[in-house]
Enquirer: 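Take this structure, written in structure tokens, and hold onto it; I'll ask about it next.
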Amino acid sequence: MHLSSCHDDGPPPSGNAEYGHKPFKRARSHFADRITADGRDGWPVEAGRYRLVVSRACPWASRALIVRRLLGLEDSLSLGVTDPLQDDRSWRFTLDPDGVDPVLGIRYLGDAYRAREREYDGGISVPAIVDVPSGELVTNDYQQITLDLETQWTGLQRDGAPDLYPERLREEIDEVMDAVYQDVNNGVYRAGFASTQEEYAEAYRTLFRRLDWLSERLAGRRYLVGDTITEADIRLFTTLVRFDAVYHGHFKCNREKLTEDPVLWAYARDLYQTPGFGDTVDFDHIKRHYYQVHTGINPTGIVPLGPDLTGWLSPHHREELGGRPFGDGTPPGPPPAAEVIGAAGRP
């Protein structure tokens with residue numbers, strides 16, 4: 001069984017120590033069924049039927065956490081949170097009583113994968129959506145899950161839910177998201193897991209060229225596309241919020257810190273302080289996962305005490321650029337009590 005760090009193809013069976021010792025490759029989603037309003041793949045949208053499984057450490061899973069909150073789908077799509085630390089069977093439910101997910105009744109996310117495909121022996125990744133009645137994995141397609149929550153789950157969204165993927169802006173949103181994915185979301189991993197100096201240098205330079213481009217784009221506008229929060233902002237945020245805590249040091253993305261780019265730092269703080277964003281972020285899970293799971297990069301397993309997180313709550317002044325965070329919609333209410341981030345994970 002291969003492990004999987006969030007949504008890559010994972011190291012060979014020898015384990016997490018292999019990170020940084022083989023070429024990095026982002027895996028395609030093996031299970032790409034869609035949950036749709038018309039049920040075209042056999043999985044119709046239905047309140048209470050499905051469970052979203054995430055790691056709060058994982059940027060790909062964090063997209064789904066934010067979208068679920070912004071759209072008010074908490075009562076319709078239940079949430080399972082895995083331990084940020086994996087063992088040799090990958091993502092596990094050791095945060096729950098007796099180490100068992102209380103809804104799915106399983107100890108490892110891999111059990112849902114094998115309920116769907118008995119002989120499955122690939123990577124176990126998050127986010128994943130599981131069909132509760134059958135216990136089978138429905139999808140681990142991290143690129144499509146959030147888009148479907150936005151466009152197929154409209155009948156279950158809260159009153160005042162924002163339009164995060166407006167049809168008139170989709171072409172531009174898709175273009176921006178693709179650039180962010182290739183060079184930033186995936187770029188930090190290509191740098192961090194590079195196995196040669198040349199691979200690392202190429203990824204490093206590409207990453208910071210794109211961050212410079214994003215900084216210039218955001219200097220005079222509050223959001224990446226249009227004047228409201230869209231899926232593009234969510235996908236950039238999940239990398240930026242991890243940048244100084246893990247990517248700057250652990251992945252050697254150290255030309256500068258996020259806090260040293262005035263535009264991107266203010267942009268990231270603006271989103272962090274927006275309901276639905278920062279209230280899903282657990283810095284404790286993030287740091288422990290990267291520094292303790294990637295033993296090929298950090299063999300001591302020591303988790304740094306820094307950086308100082310209090311700046312995330314400082315004024316950002318981005319409202320002076322205008323924009324309407326939720327468009328014609330409204331902010332989400334507070335997170336459910338069971339989903340509030342613990343003190344160790346907050347500034």
Side-chain angles (χ1 to χ4, degrees), residues 59-60 62-63 66 146 164-166 169-192 194 200-274 276-278 280-281 283 286 290 306-327 347:
W60 319 97
S62 291
R63 299 175 178 180
I66 293 169
T146 50
L164 301 173
Y165 195 48
L169 296 175
R170 285 181 190 176
E171 184 176 353
E172 185 178 0
I173 291 171
D174 289 347
E175 289 176 359
V176 172
M177 290 195 306
D178 183 63
V180 168
Y181 169 75
Q182 297 293 344
D183 299 342
V184 180
N185 300 149
N186 209 34
V188 292
Y189 280 86
R190 290 195 297 112
Y200 162 72
E202 180 184 1
Y204 172 101
R205 295 187 183 109
T206 301
L207 165 67
F208 282 101
R209 277 197 301 268
R210 183 60 66 190
L211 289 176
D212 289 342
W213 177 84
L214 289 162
S215 185
E216 291 175 12
R217 183 181 181 94
L218 288 163
R221 58 193 301 167
R222 191 170 180 185
Y223 304 112
L224 281 171
V225 182
D227 66 349
T228 65
I229 292 167
T230 68
E231 174 83 11
D233 297 294
I234 294 166
R235 295 190 182 195
L236 177 57
F237 172 79
T238 59
T239 295
L240 294 183
V241 79
R242 289 162 172 77
F243 201 89
D244 288 3
V246 289
Y247 300 144
H248 179 271
H250 184 56
F251 278 179
K252 307 180 184 71
C253 299
N254 61 355
R255 191 191 77 178
E256 61 193 17
K257 297 175 182 176
L258 175 66
T259 55
E260 294 168 343
D261 184 305
V263 172
L264 292 180
W265 175 222
Y267 167 79
R269 298 200 315 277
D270 185 6
L271 291 176
Y272 183 87
Q273 295 171 32
T274 299
F277 282 81
T280 70
V281 175
F283 285 105
I286 289 167
Y290 282 89
D308 181 3
L309 300 175
T310 55
W312 283 101
L313 304 179
S314 64
H316 53 76
H317 305 296
R318 294 280 294 179
E319 66 277 358
E320 296 171 8
L321 294 172
R324 302 176 301 145
F326 302 100

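FYI, the numbering just counts along the sequence from 1.
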Enquirer: Return yes if some donor-acceptor pair links the side-chain N/O of Arg63 with the main-chain N/O of Pro59 below 3.5 Å, else return no.
Expert: no
Enquirer: In the structure I gave you, are the side-chain heavy atoms of Glu319 and Arg222 within less than 4.5 Å of one another anywhere?
Expert: yes
Enquirer: Determine whether a donor-acceptor pair (N or O, by modelled atom type, separation under 3.5 Å) exists between the side chain of Arg221 and the backbone of Tyr223.
Expert: yes
Enquirer: Would a 4.5 Å heavy-atom cut-off, applied to side chains only, mark Thr228 and Asp233 as touching?
Expert: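 No, too far: nothing below the 4.5 Å cut-off.
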Enquirer: Taking C-beta and beyond as the side chain, do Arg255 and Asp212 meet within less than 4.5 Å on heavy atoms?
Expert: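 In contact.
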Enquirer: Can you give me the closest heavy-atom contact between Glu231 and Arg235, atom names plus distance?
Expert: OE2-NE, 2.7 Å
Enquirer: Does some side-chain heavy atom of Val241 sit less than 4.5 Å from a side-chain heavy atom of Phe237?
Expert: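 The answer is yes; the side chains approach within 4.5 Å.
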Enquirer: Identify whether NZ of Lys or CZ of Arg in Arg269 sits under 6.0 Å from the centre of the six-membered ring of Trp265 and within 45° of that ring's axis.
Expert: yes
Enquirer: Ignoring hydrogens, what is the shortest heavy-atom contact between Leu236 and Leu214? Give both atom names and the distance.
Expert: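 Looking at all heavy atoms of both residues, the shortest contact is CD1-CD1, 3.8 Å.
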Enquirer: Treating Thr274 as the side-chain partner and Asp270 as the backbone partner, does any N or O pair qualify as donor plus acceptor under 3.5 Å?
Expert: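 Side chain of Thr274 to backbone of Asp270: a pair is present.
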Enquirer: Take Arg242 and Val188, measure what side chain to side chain contact (heavy atoms under 4.5 Å, CB included) needs, and give me the verdict at the end.
Expert: CA-CA 10 Å; Arg242 289 162 172 77; Val188 292; over 6 Å; no
Enquirer: Enter the distance from Ile234:CD1 to Met177:CE here, rounded to the nearest 0.5 Å.
Expert: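 The CD1 atom of Ile234 sits 9.5 Å away from the CE atom of Met177.
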Enquirer: So Pro166 and Val225, do their side chains get closer than 4.5 Å, heavy atoms only?
Expert: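 No, too far: nothing below the 4.5 Å cut-off.
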Enquirer: To the nearest 0.5 Å, tell me how far Asn186 CG sits from Leu207 CG.
Expert: 11.0 Å
Enquirer: Between Phe283 and Trp312, what is the ring plane arrangement, given parallel below 30°, perpendicular above 60°, and tilted in between?
Expert: tilted
Enquirer: For a 4.5 angstrom cut-off between non-hydrogen side-chain atoms, does Tyr189 reach Tyr247?
Expert: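 In contact.
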Enquirer: Below 4.5 Å, heavy atoms only, C-beta onward: do Ser215 and Tyr267 meet side chain to side chain?
Expert: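 Contact flag for Ser215/Tyr267 side chains = no.
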Enquirer: Got Thr259 and Asp244 here, is their nearest side-chain heavy-atom distance under 4.5 Å?
Expert: yes
Enquirer: Are Arg217 and Glu172 ion-paired here, with the side-chain N under 4.0 Å from a carboxylate O?
Expert: yes
